[in-house]
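This report refers to the structure that appears directly beneath it.
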Amino acid sequence: LGALQTWPIKLYMADGAPQRFAVHGGFVQVSGENVIVLSDIAELADAIDVERAREAKVRAEAALKADANDAEAAAALARATTRLEVAGAA
């Protein structure tokens with residue numbers, strides 16, 4: 001059992017097809033060939049609103065320029081960056 005941060009993941013489904021997700025916290029359990037991901041938020045690549053993620057990234061970067069210790073802005077930047085990477089728009 002392990003903890004997940006905001007990060008992109010790629011899972012291979014039972015039919016062998018890969019699926020990319022943006023995961024925002026949670027847990028992962030690996031047992032043999034099985035992986036269980038429990039996450040508060042997991043977004044499929046094709047469900048990500050790229051323009052919204054770009055706007056969120058710009059806002060977070062601006063907030064971090066104003067206050068480099070802004071934890072909320074740092075978390076928002078990590079989420080936006082992960083979404084853009086998973087959507088193939090990074």
Side-chain angles (χ1 to χ4, degrees):
L1 188 64
L4 293 173
Q5 298 295 320
T6 296
W7 202 255
I9 63 171
K10 184 186 332 184
L11 297 178
Y12 291 89
M13 308 315 276
D15 65 359
Q19 290 286 332
R20 291 181 49 86
F21 295 85
V23 175
H24 309 290
F27 300 93
V28 62
Q29 179 180 6
V30 179
S31 177
E33 294 183 13
N34 296 313
V35 176
I36 298 172
V37 175
L38 301 172
S39 179
D40 296 330
I41 301 171
E43 300 169 285
L44 279 167
D46 61 358
I48 293 171
D49 184 335
V50 172
E51 189 56 37
R52 183 172 174 237
R54 285 187 178 130
E55 291 168 0
K57 183 178 179 188
V58 169
R59 285 192 306 272
E61 289 171 337
L64 286 170
K65 278 187 179 181
D67 179 2
N69 296 318
D70 185 339
E72 283 188 36
L77 180 59
R79 288 189 304 271
T81 301
T82 298
R83 286 178 174 125
L84 291 169
E85 182 179 339
V86 168

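Here the structure is a predicted model, which is why all the values come from computation and not from measurement.
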query: Are the side chain of Ser39 and the backbone N or O of Gly26 linked by a donor-acceptor pair below 3.5 Å?
result: no

task: Name all residues meeting the side-chain contact (heavy atoms from CB on, under 4.5 Å) criterion together with Ala74; count only those two or more places apart in sequence or in a different chain, and write none if there are none.
output: Leu64

query: Any chance CD of Glu72 has more than 12 other-residue heavy atoms, nucleotides or ligands included, within less than 6.0 Å?
result: no

message: Under the rule for side-chain contact (heavy atoms from CB on, under 4.5 Å), what residues qualify as partners of Lys10, not counting sequence neighbours?
response: Tyr12, Pro18, Arg20

query: Using links of under 4.5 Å between side-chain heavy atoms of ILVMFWY residues, direct or through other members, which residues join Leu4 in one cluster?
result: Ile9, Leu11, Met13, Phe21, Val23, Val28, Val30, Val35, Val37, Leu44

- prompt: For Ile48, what are the other residues in its hydrophobic cluster, where any two members join if their side-chain heavy atoms are less than 4.5 angstrom apart?
  reply: Val86

message: Working to the nearest 0.5 angstrom, can you tell me the gap between Arg79 CZ and Trp7 CH2?
response: 15.5 Å

- request: Give me the other members of the hydrophobic cluster that Leu84 sits in, counting Ile, Leu, Val, Met, Phe, Trp and Tyr linked by side-chain heavy atoms under 4.5 Å, directly or via other members.
  value: Val50

message: Return the CD1 to OG1 distance between Ile41 and Thr82, rounded to the nearest 0.5 Å.
response: 11.5 Å

query: Does any pair with a residue in residues 37-60 pass salt bridge (Lys or Arg N to Asp or Glu O under 4.0 Å), and if so which ones, sequence neighbours excluded?
result: Glu43-Arg83

Nearest atoms (heavy-atom pairs only) where Ala53 meets Ala80: O-CB, 3.5 Å

